[in-house]
Amino acid sequence: MGSWEDNYFCWEAECTDPEIRWSSAGPIAGMRCTQIIETADPHTWRDNYLCVPNWSPYHFQWSSAGPINGKSCIQWLETADPDTWNDNYLCAAAGSGPIW
């Protein structure tokens, strides 16, 4: 199993499915998508997206250079990948997105 094949994006079972979808083939039509990219990674893929339905209350922002000031962020970390993935964060407006 490759280092990225054992990663999961989860929510509590008693919560409604937020219908978050992953795409490694570009944005998903009909959804609001956030590109997930590490520009410092020499092997980076430019077609990875985390998508939510257009009606979703979640408005994500991605940072490959640390948390975004004024946002609520969670670190996106793959310890087996040596190419600067240690400073990547998925963020949302404080109080408007998932609680992490």
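Keep in mind it's a predicted model, so treat the numbers as computed, not measured.
Screening residues 28-62 for disulfide bond (SG atoms under 2.5 Å apart), with sequence neighbours left out, gives Cys33-Cys51.
Here Cys91 contributes atom SG and Gln75 contributes atom CD; the two are 11.0 Å apart, rounded to the nearest 0.5 Å.
Grouped with Ile28 in one hydrophobic cluster are Met31, the linkage being side-chain heavy-atom contacts under 4.5 Å among Ile, Leu, Val, Met, Phe, Trp and Tyr residues.
Under the 4.5 Å side-chain criterion, counting only non-hydrogen atoms from C-beta, Ile36 is not in contact with Tyr49. Looking only at side-chain heavy atoms (C-beta outward), Glu19 and Trp55 come within less than 4.5 Å of each other.
Ile68 and Ile37 are assigned to two separate hydrophobic clusters, defined by single-linkage of ILVMFWY side chains at heavy-atom distances under 4.5 Å. Both Trp62 and Phe60 sit in one connected hydrophobic cluster of ILVMFWY residues. Membership requires side-chain heavy atoms under 4.5 Å apart, directly or through other members.
A donor-acceptor pair is defined here as one N or O able to donate and one able to accept, closer than 3.5 Å; such a pair exists between the side chain of Asn54 and the backbone of Gly30.
Here the closest non-hydrogen pair linking Cys73 and Tyr89 is CB-CD2, 3.9 Å.
With sequence neighbours excluded, the residues satisfying side-chain contact (heavy atoms from CB on, under 4.5 Å) with Ser24 are Trp22, Asn48. With sequence neighbours excluded, the residues that form a side-chain contact (heavy atoms from CB on, under 4.5 Å) with Ser56 are Arg32, Val52, Pro53, Tyr58. A search for side chain to side chain donor-acceptor pair (under 3.5 Å) contacts involving Gln35 returns nothing, not counting sequence neighbours.
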